[in-house]
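Naming: A, B, ... by sequence-line order, numbering from 1 per chain. Just so you know, these numbers come straight off a predicted model, no measurement behind them.
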2 protein chains.
Amino acid sequence: MADQKIRVGLVEDQLLFRQGLKAILANLPNVEVMFESADGYSVVDKLTACPELPHVLLVDLSLPPNGKTEYNGMQLTNDITLRFPDIKVMILSVHNDDSLIAQLIQYGAAGYLVKDCNPQEVYDAIQSVHTKGSYINEQSLKAIQNNLGKRHKPKALMASLNLTKREVEILQLICQQNTTEEIAEKLFISAKTVDGHRNNLLQKTGSRNTVGLVLFAVSQNLLLK
Amino acid sequence: MADQKIRVGLVEDQLLFRQGLKAILANLPNVEVMFESADGYSVVDKLTACPELPHVLLVDLSLPPNGKTEYNGMQLTNDITLRFPDIKVMILSVHNDDSLIAQLIQYGAAGYLVKDCNPQEVYDAIQSVHTKGSYINEQSLKAIQNNLGKRHKPKALMASLNLTKREVEILQLICQQNTTEEIAEKLFISAKTVDGHRNNLLQKTGSRNTVGLVLFAVSQNLLLK
DNA sequence: TAAAAAACAGGTAAAAACCCCTGCTTTTAC
DNA sequence: GTAAAAGCAGGGGTTTTTACCTGTTTTTTA
């Protein structure tokens, strides 16, 4: 198992970059490049035809469009991880966009590398993705932290607002697109009372209108699914 | 630099576990345990008094309360990472709760380990956190992926709805708590026109009212920050 | 170039927002 | 243990905003 080579696939449109990467990886003792593609469209087909699937797929984030429709590394990542859950997708990109990184992780990417990293880092990443299941470096972690829900200290905020149970209850019903009267019926109280609670909510949350209430509820994870 | 020892701090209430961990780490050549605490309350004070800050802080997630108030590893992580950004906080926990892991990462934790891992993994984690800035293993990555919003192909949904640019623009302004008239002023069009767009949005998204529009925008990540 | 889609706009009724207010019950604090 | 505070329920009325309908003009696109 430890001596078995890590099967690596490359998805990268620039021929030179792809060849260079292949050359670098060829020098590594326990890595074998056994798959490559210049665009995203044919990858799934090629993989289904493979006798052995690659362990790790290095995917360029900016893949070329096919005529009109675009099929970039993000979409490919999503499709690959859904159809081949065992393949670890490692994104290569020139950019370093936080929200993009977070989204890629969300779409199932196992790691993210900028293209100007050194070869050793590529090797570490492949190794880490294969053995640990992921390769998250500091910048990726920061990206994740910045995009892992925007709620900073929800408990503190909630506590300071001091919403009552009834208010939370009504807020949740508002967020389910109920009108004031519908809420009143469901809670067996007067519509006027609901209106009063709604106004308290507006005041307590500092909202201008229902939109603000919904955004608040979302930020505080108060939504019932 | 490479020969310099990694300074490690322990925050763990169980004496036996803390001592055991210290003994394990003492065997490692490039690790030095130079700080320890049995609860969360005194950590910040102790750290400010330190001549040299630890590189890595191993923190037990379930720290004991002080009388009435609770101060657990989550809160400690939040405080430490805010006040000492250079210290990498590594969480130790018996549980393996996805949403908890994600929240900890969000609060600034650099890694998460379950307590029944083997000593080698602790060493790897410390090493990784110190050199790479983070240690995210497969279960942590899964936790992150599960908590980075829901994974249901926003683009596909968006495409099928076919919102126009103008509609998206107006939806975003609605989500900023603007009234129809304010939006009209900002876009130099009639309020009636904005209203028309709003109605198209209601129809296209299948919403009953503005609340539905906001929830849709949130689900599609259409909010401008 | 014809059809489709988008942008625009007016009228009307319903709902929400925003004020004012009175009681009653429960919780909290001194 | 009593007083104060907070939560809850209810009411009246006005103004603003939204929801829903209709239609026309402009822009896209097949």
Side-chain angles (χ1 to χ4, degrees), chain A residues 65-70 156-218 220 222-223, chain B residues 67-69 157-218 220 222-223:
Chain A
N66 178 10
K68 297 173 68 175
T69 54
E70 200 188 328
L157 185 54
M158 273 297 283
S160 71
L161 289 179
N162 246 333
L163 295 193
T164 68
K165 275 187 190 173
R166 201 56 157 178
E167 283 165 350
V168 171
E169 196 177 359
I170 281 164
L171 177 55
Q172 289 172 332
L173 286 168
I174 289 173
C175 290
Q176 285 167 6
Q177 302 192 53
N178 292 295
T179 66
T180 301
E181 277 194 29
E182 287 168 346
I183 296 171
E185 279 172 30
K186 286 183 182 171
L187 299 181
F188 304 106
I189 55 178
S190 151
K192 271 298 184 182
T193 304
V194 177
D195 192 49
H197 286 303
R198 180 198 292 268
N199 283 322
N200 287 338
L201 283 165
L202 287 171
Q203 209 192 327
K204 284 187 181 178
T205 62
S207 304
R208 295 184 63 189
N209 49 38
T210 311
V211 172
L213 293 184
V214 177
L215 293 176
F216 171 79
V218 170
Q220 301 297 323
L222 255 36
L223 299 187
Chain B
K68 295 171 70 176
T69 54
L157 186 53
M158 274 295 284
S160 70
L161 289 179
N162 244 334
L163 296 192
T164 69
K165 275 186 191 175
R166 201 58 155 175
E167 284 165 348
V168 172
E169 197 178 359
I170 281 163
L171 177 55
Q172 289 173 331
L173 287 169
I174 289 173
C175 290
Q176 285 167 3
Q177 302 192 51
N178 292 295
T179 66
T180 302
E181 272 194 36
E182 286 168 346
I183 296 171
E185 280 172 30
K186 285 183 183 172
L187 299 182
F188 306 104
I189 55 178
S190 150
K192 278 294 159 192
T193 304
V194 176
D195 193 51
H197 288 302
R198 177 198 294 268
N199 286 321
N200 287 336
L201 283 166
L202 287 173
Q203 209 194 325
K204 284 188 180 177
T205 63
S207 304
R208 295 185 63 189
N209 49 37
T210 310
V211 172
L213 293 184
V214 176
L215 293 176
F216 171 79
V218 170
Q220 300 298 321
L222 253 36
L223 299 186

Worked verdict on E182(A) versus L173(A) for side-chain contact (heavy atoms from CB on, under 4.5 Å) = CA-CA 9 Å; E182(A) 287 168 346; L173(A) 286 168; over 6 Å; no
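Among the nucleotides dT18(D), dC8(C), dA9(D), the one closest to the side chain of R166(B) is dC8(C).
When the C1' atom of dG7(D) is taken as reference, atom CD1 of I170(A) falls 12 Å away, rounded to whole Å. Atom CD1 in I183(A) sits about 15 Å away from atom C1' in dA9(D), given to the nearest Å. If you take CD of Q177(B) and P of dT16(D), they are 19 Å apart, rounded to a whole angstrom. Between the CD atom of E181(B) and the P atom of dT18(D) there is a distance of 9 Å, rounded to whole Å. Residue E167(B) contributes atom CD, which lies 11 Å from atom P of dC8(C) at whole-angstrom precision. Atom P of nucleotide dA6(C) and atom CG of L201(B) are separated by 11 Å, given to the nearest angstrom. For the pair N200(A) CG and dA6(D) P, the computed distance is 13 Å after rounding to whole Å. If you take CG of N178(A) and P of dT18(D), they are 19 Å apart, rounded to a whole angstrom.
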Provide a list of protein-nucleic acid N or O atom pairs under 3.5 angstrom, restricted to nucleotides 18-29 of chain C.
unit_1, atom_1, unit_2, atom_2, d
dC18(C), N4, D195(A), OD2, 3.0

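With the end axes of the helix from dT1(C)-dA30(D) to dC30(C)-dG1(D) each set by five pairs, the angle from one to the other reads 70° at 10° resolution.
Between H197(B) and dC8(C) there is a side-chain N or O to OP1 or OP2 distance below 4.0 Å.
In terms of heavy atoms, A217(A) sits closest to C175(A) at CB-SG, 3.5 Å. Scanning both residues, S207(A) and G212(A), for their nearest heavy atoms gives OG-C, 3.3 Å.
Ion pair K186(A)/E169(A) not flagged as a salt bridge, since none of the NZ, NE, NH1 or NH2 atoms sits closer than 4.0 Å to an Asp/Glu carboxylate oxygen.
Formation of a donor-acceptor pair under 3.5 Å by the N178(B) side chain with backbone atoms of I174(B) is not found in this model. Here the side chain of Q177(A) pairs a donor or acceptor atom with the backbone of R208(B) at under 3.5 angstrom.
Place S190(B) and R198(A) on DNA chain C by their nearest nucleotides, and S190(B) ends up nearer the 5' end.
Across L213(A), V168(A), T210(A), a single residue satisfies side-chain contact (heavy atoms from CB on, under 4.5 Å) together with L201(A), and that is L213(A).
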